[in-house]
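One structure is given below, encoded as structure tokens.
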Amino acid sequence: AQKVTQAQTEISVVEKEDVTLDCVYETRDTTYYLFWYKQPPSGELVFLIRRNSFDEQNEISGRYSWNFQKSTSSFNFTITASQVVDSAVYFCALLLYNQGGKLIFGQGTELSVKP
Amino acid sequence: DTAVSQTPKYLVTQMGNDKSIKCEQNLGHDTMYWYKQDSKKFLKIMFSYNNKELIINETVPNRFSPKSPDKAHLNLHINSLELGDSAVYFCASSQEAGHSYNEQFFGPGTRLTVL
């Protein structure tokens with residue numbers, strides 16, 4: 001079965017704290033893609049990152065960083081020095097190569113950053 | 001310079017009515033999708049089209065019928081609306097690159113409320 005689990009439903013931090021959002025996925029496929037999307041209170045879905053299953057390099061983009069570990073089937077997302085504008089629901093998603101581009105989303109983690 | 005647009009943004013209607021949601025993308029992508037986001041923020045794919053051909057057809061009531069007149073448009077028609085159809089519907093598009101899947105760009109969403 002293919003599945004994405006984001007065990008943290010809600011996280012609340014104070015501005016400037018670092019925060020890590022967990023994502024664990026399940027698939028038996030060897031070729032797949034992992035994504036993170038942000039959904040701010042305004043409701044749109046904003047693409048953050050894509051990773052394919054053959055590329056385990058970690059990535060850093062400004063205050064954002066991602067840690068992909070196939071050994072634990074995890075693709076965690078860290079925000080360093082969080083800001084109030086980071087408040088949003090964050091979704092991790094799995095795309096299986098052999099299923100026509102279907103994105104399987106996790107339940108989402110609602111991050112609240114307080115001033 | 002809107003990338004993926006949807007109309008209407010809000011749709012309030014009575015049970016039993018038939019309604020349509022329109023989606024257009026100006027990114028030149030060849031694949032388009034419909035997703036449903038329920039009241040708990042859970043996102044689930046409904047359909048996808050590639051160059052006007054239906055690729056993904058999830059377990060969705062046949063009251064829902066997608067129509068793709070060309071590769072830039074994917075409309076969603078819903079017959080005999082039910083209370084449980086109330087949700088936010090997102091259109092998305094992506095461009096397959098050879099044997100790779102790129103990120104999906106999402107429209108702003110259509111909030112459907114069935115009374």
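Letters go in sequence order (proteins before strands), and every chain restarts at 1. The shown structure was predicted, so the numbers you read here are calculated from the model rather than taken from an experiment. Only heavy atoms go into these numbers, but all of them, side chains included; no hydrogens, no water, no symmetry mates.
When atom types are taken as modelled, the side chain of A:S73 and the backbone of A:V24 share no donor-acceptor pair closer than 3.5 angstrom.
Heavy atoms of B:L43 lying under 4.5 Å from chain A belong to its backbone as well as its side chain. In this structure, chain A has no heavy atom under 4.5 Å from any part of B:N50. Neither the backbone nor the side chain of B:T31 comes within less than 4.5 Å of any heavy atom of chain A. At a 4.5 Å heavy-atom cutoff, the contact between A:L95 and chain B is made by side-chain atoms alone.
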- prompt: Where do B:H77 and B:S20 land on the side-chain hydrogen bond (donor to acceptor under 3.5 Å, both in side chains) test, with the steps shown first?
  reply: CA-CA 4 Å; B:H77 189 75; B:S20 291; 2.5 Å; yes
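Counting heavy-atom pairs closer than 4.5 Å to chain A, the top residue among B:F42, B:Y35, B:Y33 is B:Y35. With respect to chain A, the highest number of heavy-atom pairs below 4.5 Å among B:Q37, B:K40, B:R111 belongs to B:Q37. With chain B as partner, the option from A:E110, A:Q107, A:K102 having the largest number of non-hydrogen pairs under 4.5 angstrom is A:K102.
In this structure, the ring of A:Y32 has its center less than 6.0 angstrom from the ring center of A:Y25.
For the residue pair A:T20 / A:T78, a side-chain donor-acceptor distance below 3.5 Å is found, with atom types taken as modelled.
In this structure, CG on A:D22 lies 4.0 Å from CD on A:Q8, to the nearest 0.5 angstrom.
By the neighbour-count criterion of 12 heavy atoms within 6.0 Å, atom NZ of B:K52 is sparsely surrounded, having that number or fewer from other residues, nucleotides or ligands.
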